[in-house]
J.: 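Sending over a structure as structure tokens; questions will come in a sec.
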Amino acid sequence: MQFTDEWLVPSIETLLSNEALKALRDEKGPNASIWEILLQRKLATNEQILGAIAARFRFPLADLSKVDPKLVSTVPEQLARRFNVVPVRQTDSFLEVATANPFDIDAEKMLAFATGREVRMLLGAPTSIREKLDELYRETETAVARLLEGIGGDFEVEQIKEEEENAASAEQASQRPILRLVDTMIADGISNRASDIHVEPVEGGVVVRYRIDGVLRQAMKIPRNAGVPLISRIKIMSKLDIADRLRPQDGRARVSVNGEPVDLRISTLPASHGEKVVIRVLNQKATTLALDSLGLAEDEQKAIRSLLGHKEGIILVTGPTGSGKTTTLYSALRAVQGTGVNIVTVEDPVEYRLGENIVQVQVNEKAGLTFASALRSILRQDPDVVLVGEIRDKETAQIALQASLTGHLVLSTLHTNDAPNTVTRLVDIGMEAYKIAPALRGIIAQRLMRRLCKNCRQVATEPVSERFARFVPAGVTLYHAVGCSDCSMTGYRGRFSIVEVLTMTPELERRIAAGATAEKIAEGARAAGMRSLWGSGLRHVLAGESTFEELMRVTDVPREEVEEEAPAPPRRGGRGRAAAPPAPPPSPAPVSPMPELTMDMELLEDPTAGEGILAGGRGHGACVLLVEDEEQLRRVMKDLLQREGYRVAEARDGIQALDEVDRFAPDVIILDLNLPGLDGYGVLQQLRSRPATREIPVMVLTAKGDEDNEVRVFELGADDFVTKPFRARALTARLEAVLGRHRA
């Protein structure tokens with residue numbers, strides 16, 4: 001009869017006689033372990049067995065007292081318990097685990113696949129490993145309690161039950177810690193002014209992020225044993241099918257936070273690690289639905305109110321998702337609302353309940369109530385003003401245009417980049433240009449810019465980039481973001497709208513009817529006084545309400561202004577940070593002594609070597625964003641770059657890196673690939689997908705030096721690829737070469 005750990009038998013011959021071993025074989029039951037039997041009968045101790053194995057196979061012993069709890073996120077609990085292993089140490093290239101069976105090939109392969117690293121086995125006693133696993137991977141209630149310790153605030157949250165809600169849903173979500181976690185997450189998001197709450201499954205857990213002022217920020221990371229019930233609880237609240245995890249679902253819920261009702265829109269999406277859930281927070285108390293609360297300039301408000309003065313025709317609000325189109329439409333309805341006006345809306349979904357004198361219709365495609373069918377019925381209800389939530393297809397567009405031509409004022413939204421391209425989009429849908437021209441009264445293209453925090457903003461002392469210098473009149477004071485506790489260290493608090501208002505004129509109507517291109521329509525609109533999105537945002541920047549970095553995040557410099565721009569002098573760094581000639585460099589700050597380098601630092605030479613050569617300061621004040629999660633290595637590299645004359649900003653993970661890019665607008669980025677949360681590949685992809693960051697040079701620095709990985713990062717848009725360990729002088733030389741190519 002074989003033991004489950006038969007490989008151990010030759011190693012314990014010095015501890016057990018052949019007769020005793022034969023007796024144990026005869027007595028053992030199915031699935032018996034010789035290691036467990038020796039401990040139970042006190043025939044040997046863990047130390048004796050480990051010593052015998054180590055002496056025979058020369059395996060190192062694991063010190064379980066020095067296990068880093070942060071490694072829990074590296075190895076999923078399911079794998080750790082399945083193979084009875086404990087992660088002990090990790091680098092970019094290998095993972096050390098404690099195991100009682102160092103010959104388990106399946107465990108080695110699965111762990112290598114899950115972590116992307118070479119697996120090295122250390123010896124540990126099975127009982128000690130199980131105890132350590134229980135300590136590291138705590139039960140759900142303990143993990144949730146630890147999470148909630150760091151969240152302050154006294155919240156009172158109650159779900160507002162709809163009449164059709166049954167008791168079965170409440171019974172399915174009966175775990176008290178999960179109920180408290182969901183309530184606290186929603187209340188904390190609302191108290192932090194979040195417009196959306198993202199619940200994203202990742203390997204080993206669930207990440208919760210809040211979108212505040214248009215930018216996502218990580219709020220907490222939840223263990224998987226608490227994250228999966230959390231997602232199920234959210235689905236139960238919104239009356240979604242918790243058993244169906246393979247299809248996207250949409251729902252809604254109402255909750256009461258400290259006595260204030262808040263509407264929630266819930267959307268689920270199947271992903272590789274589980275279902276992702278996004279909760280859209282519709283807090284009417286926090287949203288003032290009035291045109292004068294959108295942050296518009298006086299002439300922009302006047303132009304919009306002039307459009308709303310028409311009794312018939314169609315007015316379109318355009319922009320990407322999350323640009324505030326619905327809020328602007330609702331504010332427009334408030335401006336025309338009155339006892340003598342019949343207003344009907346058809347929406348999917350109804351985001352805010354607008355009160356008396358406005359009838360709101362919810363689209364229900366399962367019941368056959370689409371935008372088009374609802375709009376047909378609405379036109380038989382004698383409306384004065386009709387709001388169509390979104391024009392998605394030709395049928396809806398045709399009915400909306402027909403309604404606008406027969407004495408109704410129609411308001412709707414469309415997804416386009418700017419106002420002139422809206423006409424092109426309607427033609428693409430299938431509308432005839434000669435019908436669009438007489439029906440259209442105006443188009444409002446919109447974006448949302450973040451407002452500088454008034455408590456911490458500071459006057460910008462750096463010279464204005466040559467790209468923006470011609471937009472800044474002499475004597476204007478600009479500000480830059482700093483960060484404080486009031487704005488969660490972002491430098492921004494709150495948002496306002498910037499708009500591009502196209503008002504129809506006889507000349508524009510003639511051009512549209514003749515099938516003119518978007519460029520010709522834009523030319524005619526500018527001649528009639530239309531200010532571009534760039535021009536609208538520029539006024540706020542010059543007024544000290546925001547920054548050029550924020551303006552470039554939401555829109556680009558108009559093409560015609562770029563073409564007219566005179567040739568600029570050679571730039572000193574990426575994105576043209578400062579015009580030549582450069583300002584005199586500040587006095588160098590005292591440099592802290594260089595820390596002693598160790599093997600883990602993966603730096604092959606002393607950065608102070610050749611200091612006479614480096615003293616010239618080739619950086620010339622260019623800004624480097626250093627993205628590296630290993631703190632000691634980041635500190636050494638920062639000191640090295642500062643000695644070279646660079647200004648250094650730091651980021652510990654991918655999410656923080658994207659925030660720091662928006663904040664500092666670096667000339668070059670040194671990017672590690674192995675980052676927590678969003679890895680280096682994701683950061684690089686995000687940078688290259690955004691117009692404002694597409695041209696920033698990126699140097700990838702990684703221990704993954706294989707050819708496939710190098711090809712992949714270059715395909716994603718990297719400018720250089722450096723493998724660890726690296727040499728200090730070689731790194732700075734390559735950095736200077738990257739910047740030189742970018743300047744050229």
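Numbers here simply count residues along the sequence, with the first being 1.
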J.: Short question: side chain of S536, backbone of I498 - any donor-acceptor pair under 3.5 Å?
T.: no
J.: Please give me the minimum heavy-atom distance between A518 and T424, naming the atom from each residue.
T.: CB-OG1, 3.8 Å
J.: Tell me, do V281 and L264 make a side-chain contact under 4.5 Å, heavy atoms counted?
T.: yes
J.: So, for L440 and M504, which heavy atoms are closest and what is the spacing to 0.1 Å?
T.: O-CG, 3.1 Å
J.: Give a yes or no on whether a salt bridge exists between E500 and R447, defined as a side-chain N under 4.0 angstrom from a carboxylate O.
T.: no
J.: Any Lys/Arg nitrogen of R493 or D213 sitting under 4.0 Å from an Asp/Glu carboxylate oxygen of the other?
T.: no
J.: Can you tell if the side chain of V199 reaches within under 4.5 Å of the side chain of I231, non-hydrogen atoms only?
T.: yes
J.: For T693, is there any backbone N or O sitting under 3.5 Å from a side-chain donor or acceptor partner on R690?
T.: no
J.: Look only at the side chain of S331 and the backbone of T327, and say whether a donor-acceptor pair between them is shorter than 3.5 Å.
T.: yes
J.: Determine whether a donor-acceptor pair (N or O, by modelled atom type, separation under 3.5 Å) exists between the side chain of S465 and the backbone of R467.
T.: yes
J.: Got L316 and T413 here, is their nearest side-chain heavy-atom distance under 4.5 Å?
T.: no
J.: Check whether any side-chain heavy atom of D393 sits under 4.5 Å from a side-chain heavy atom of I429, and report yes or no.
T.: no
J.: Can you find a pair of side-chain heavy atoms, one from T328 and one from Y330, that are under 4.5 Å apart?
T.: no
J.: Between R252 and V350, is there a donor-acceptor pair closer than 3.5 Å when you use the side chain of the first and the backbone of the second?
T.: yes
J.: Do the side chains of F371 and D348 get nearer than 4.5 Å, heavy atoms only?
T.: yes
J.: Using a 4.5 Å cut-off on heavy atoms from C-beta on, say whether the side chain of R217 contacts that of S488.
T.: yes
J.: Is R553 salt-bridged to E549, cutoff N-O under 4.0 Å?
T.: no
J.: Do the side chains of I521 and L502 get nearer than 4.5 Å, heavy atoms only?
T.: yes
J.: Salt bridge or not between R450 and E545? Use side-chain N to carboxylate O under 4.0 Å.
T.: no
